[in-house]
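Each ligand, and each atom within it, is numbered from 1 in the order the structure gives. One is the number of the first residue; the rest follow in order along the sequence. What you see is a predicted model; the values in this text were computed from it and never measured.
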Amino acid sequence: MALSDFDLVFFGGSGDLAMRKLLPAMYSRDVCNDLPDTARIICVGREEATQEEFLNMVETNSKQHIKEAPAEESWQRFLKRIVYVSLNATDLKTYGPLVEALRKDESLTRVYYLATPPHLFATICDNLAATSLVSPNSRVVLEKPLGRDLASAKQINLDVGKVFAESQIYRIDHYLGKETVQNLLALRFGNILFEPLWRREWISDVQITIAEKIGVGNRLGYYDTSGALRDMLQNHLLQLLCIVAMEPPTSISPDAVRDAKLQVLRSLKRFTPTTLSQNIVRGQYRGGYVDGQAVPGYRDEPEAPKGSKTETFVAVKAEIDTWRWAGVPFYLRTGKRMADRLAEIVVRFKPIPHSIFNQPTSSFQPNSLVIRLQPDEGLSMNLMAKTPGDSMRLKQAELELDFREQFKSPRMEAYERLLVDVLRGQLTLFMRGDELEAAWEWVEPILEHWEQDDSTPVPYTSGTWGPAASSALIGRDGLQWREEVLPED
Ligand code: BG6
């Protein structure tokens, strides 16, 4: 759908995210003819560079991240939209060129995307206000990390809230932009089939995994002060948990969906120091092999601080204290340098109560629904079915729904989808301030405990599914991670 005219400003416009994700996402919309001719993208960076030098940078650093090599004509058309502005975000006196670059029409949608470290959010917002660049049609997008604990997240909300109303603030969690996550909403609330079963009476446990093969690469500076808990669990994993566990919202409107997610976050059982050590595993990768390639351990990565205690893996058993979910464990885990790249949600149903066949109930695999976000989007349902032949022998069969096969229309990358939503003023897929704080509130005791604790993350070999303690975490409940369940003969 074509968008109305806009000026889109990327702070951190010469940075990695802008080059890898944001500019390619906007190119994709442009090539679909969704952008008005006059729409512009203003990239703001610290570096002194001429317009020409910056466009050369885009050519070298960004073009390669576009899925299908752009045709010269459409690429040139796209480049014409880009304006480079060099300024020092913390120095009000340097904002002149940005004021100049923006069109004066206040009815125009203006979006400020802050792809900068969070300590700059407050100053940038203040400086935008001081230069009269904020109008009721302005929006601000906040890129993660949105704080590093509850206090800093609250501070961000407070600072940004002084300049922008909540309805103008778009807090990005790119996992919400993924097609399958939205499909989960469709699955749950667009069908009658699952909702009656979507509760403690029928569901035994839920596993949510985001596994990556990559290590920390050149992001060590950031990652070492963050770790898997802050980098992935506090945001992406908790957002996925919210979508799985939330009550049916009254509509798909932003506040209805966000109220429902907030209720989940507020119902998460709080950890105490005792329950915490039983229900959380943190790990750190050691050297090993990923895809047959030798890879170094975390502490051997260039610039890794000696003896770093930063976790690159975390597994948590969470519980939701509500009538719907009491007693159902939600196992969440994420890690770098794992055996595979995969993001999936596994909803496992309870076993059948009695077997009428000549097979013990224990030979019946409980039904499960697997919602796959990555690498290929899809959904599969595991059912018991009769094997062909003259005996009544049942075996697990997989019913596969491949969304790519089913709907052939081209996919939007998460960032592309979310940028379009910002430009359209559609807030449903963005976190509200109170949601952000509720997520940090739950995570806070874990952070505090780790800070005071002398123990270090348990090592795991790169290219595996994490430390053995992670299998033990789920194994204590008589369960296994999905990859540990051996296929039947
Ligand atoms: C980011 C994290 O938010 O998500 C990264 O900061 C991580 O550490 C990335 O690699 C994973 O995103 P995706 O979409 O590749 O699964």
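- When only non-hydrogen protein atoms are considered, atom 14 (O) of ligand 1 lies nearest to Lys178 NZ, 2.6 Å.
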Candidate pair Tyr27 and Trp75, rule ring pair (Phe, Tyr, Trp, His ring centres under 6.0 Å), full reasoning:
CA-CA 8 Å; Tyr27 172 79; Trp75 180 244; 5.7 Å; yes
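- Close approach of ligand 1 to Lys144 is summarised as follows: ligand atoms under 4.0 Å from at least one heavy atom of the residue are 1 (C), 2 (C), 3 (O), 6 (O).
- Counting atoms of ligand 1 from 1 in the listed order, those under 4.0 Å from a heavy atom of Glu212 are 7 (C), 9 (C), 10 (O), 11 (C).
- Residue Arg341 has at least one heavy-atom neighbour below 4.0 Å for each of these atoms of ligand 1: 15 (O).
- Closest approach of Arg139 to Leu423, counting heavy atoms only: NH1-O, 3.0 Å.
- For a threshold of 3.5 Å applied to N or O pairs, the pair formed by Lys336 and ligand 1 contains at least one separation below that value.
- Inspection of the Arg372 and Gln374 side chains reveals no N or O donor paired with an N or O acceptor under 3.5 Å.
- Tyr175 counts as a contact of ligand 1, since one of its heavy atoms falls under 4.0 Å from the ligand.
- The protein atom (non-hydrogen) at minimum distance from atom 8 (O) of ligand 1 is Asp231 OD2, 2.6 Å.
- Val181 places none of its side-chain heavy atoms less than 4.5 Å from the side chain of Gln239.
- Of the candidates Leu229, Asp224, Val216, Asp224 is the only one forming a side chain to side chain contact (heavy atoms under 4.5 Å, CB included) with Thr310.
- Summary of contacts: the protein heavy atom closest to atom 4 (O) of ligand 1 is His174 CE1, 3.4 Å.
- Inspection of the Asn183 and Glu179 side chains reveals no N or O donor paired with an N or O acceptor under 3.5 Å.
- Arg219 NH1, 3.3 Å is the protein heavy atom nearest to atom 5 (C) of ligand 1.
- Salt bridge annotation for Glu413-Lys67: present, with a cationic side-chain nitrogen under 4.0 angstrom from a carboxylate oxygen.
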